[in-house]
Enquirer: 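The structure is given below, and queries will be raised subsequently.
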Amino acid sequence: MSAKVLVTGAAVVLPGADSVRALAAGPAADAEPVAPAELVGKKGLRYKDRATQLGYCLADAALRDAGLAGEREVPDQSIGVVASSNFGNLDTVTRAVDTIREETVSGASPMDLPNASSNVIASSIAIRYSLRGPNLMVCNGATGGLDALHWGATMIAAGRVERMLVLGVEPDNDVVRRLLAGDRAVDGGAAVVLESADAARERGATSRAALGRYVRTAGLEGVVTRLAGSAAAPTRWQLPDPVGAPPAAELLPGVERVALPAEAGRASGALGVLQCAAAVGWFDGGGSGPVLAVSGTDTDDASAGLVLLAPEAA
């Protein structure tokens with residue numbers, strides 16, 4: 001992945017962390033749930049599932065941070081969307097299926113069925129914020145967030161678009177907790193604006209980080225080994241979801257290891273984007289790079305990794 005894809009905006013909407021620096025420092029425990037109406041207003045939230053509402057908050061904050069909100073100086077078609085979520089509208093789908101089973105399709109709500117689309121988060125954000133570039137939804141398990149960043153950068157590198165809003169979000173509700181055998185999800189997420197270096201320079205945007213090499217393979221050790229050997233030694237390793245045993249001590253010895261606290265909940269498809277936003281917060285606070293973000297362990301179907309570079313290394 002080319003380092004010419006820059007991060008020019010970043011946002012976090014997560015209980016206990018309302019900024020990228022707060023995320024980098026570690027979310028506060030026992031925080032109140034996010035109230036979307038307080039962040040983006042009530043208009044347009046009715047009938048939208050929790051994940052889409054949180055996605056609106058993320059999109060609004062990230063676009064503002066990148067200077068792309070409101071009256072834009074760039075064409076709407078120059079901005080696309082990639083959203084990552086594994087649990088997104090699961091509550092809506094479950095409710096619709098239960099209703100159809102018990103009452104036939106005649107009992108289904110006309111408000112629910114459009115929201116049962118697998119692409120509802122990405123498409124709803126594109127419509128609300130007039131983002132007319134490529135529109136993708138990733139539901140790809142543990143690696144989903146880093147995969148979404150990769151596909152956003154790929155769209156830019158291929159010349160399809162100059163900017164991509166990439167977000168990862170997971171809601172916490174009863175349906176999700178049943179799926180997770182009682183565990184909770186993060187009930188929030190992060191978003192970043194990716195931009196080609198040329199496009200960022202043309203509009204005078206500030207680089208907050210740069211995307212380096214991306215790897216996706218069947219094992220955690222393979223990802224770490226390939227990425228660690230491809231560039232300067234990492235200064236910080238952002239770990240996969242804290243489920244199960246931690247990575248072996250002999251992997252990247254001496255490199256600082258950081259992770260979302262277990263009490264924050266399962267990040268799942270939001271994790272990779274949260275890791276990217278945390279790296280931005282680390283760089284904003286004076287931290288150095290490279291930062292290595294890894295999602296997925298040997299108990300998952302795949303692992304993915306992404307090198308994040310400090311702005312001066314772009």
Enquirer: Is a salt bridge present between R128 and D60, judged by a nitrogen-to-oxygen distance below 4.0 Å?
Expert: no
Enquirer: Is it true that D198 and R201 have a side-chain N and a carboxylate O under 4.0 angstrom from each other?
Expert: yes
Enquirer: Determine whether a donor-acceptor pair (N or O, by modelled atom type, separation under 3.5 Å) exists between the side chain of E162 and the backbone of S78.
Expert: no
Enquirer: Taking C-beta and beyond as the side chain, do D187 and L54 meet within less than 4.5 Å on heavy atoms?
Expert: yes
Enquirer: Among all residues two or more places apart in sequence or in another chain, which pass the side-chain contact (heavy atoms from CB on, under 4.5 Å) test with D301?
Expert: none
Enquirer: Using atom types as modelled and distance alone, determine if a side-chain donor or acceptor of T52 lies under 3.5 Å from a backbone N or O of K48.
Expert: no
Enquirer: Can you list every pair that meets side chain to side chain donor-acceptor pair (under 3.5 Å) and has a residue in residues 274-287, with sequence neighbours left out?
Expert: R208-D284, Q275-S295
Enquirer: Can you check whether R163 reaches R203 side chain to side chain, under 4.5 Å on heavy atoms?
Expert: yes
Enquirer: Can you classify the ring geometry of Y129 versus Y56 as parallel (below 30°), tilted (30 to 60°) or perpendicular (above 60°)?
Expert: perpendicular
Enquirer: How about V81 and L167: do any of their side-chain heavy atoms sit closer than 4.5 Å?
Expert: yes
Enquirer: Using modelled atom types and a 3.5 Å cut-off, is there a donor and acceptor pairing between side-chain atoms of T235 and backbone atoms of S288?
Expert: yes
Enquirer: Are L260 and L23 packed together at the side-chain level, in the sense that at least one heavy-atom pair is separated by less than 4.5 angstrom?
Expert: yes
Enquirer: Output yes when D174 and R178 qualify as a salt bridge under the 4.0 Å nitrogen-oxygen rule, no when they do not.
Expert: no
Enquirer: Got Q238 and L306 here, is their nearest side-chain heavy-atom distance under 4.5 Å?
Expert: no
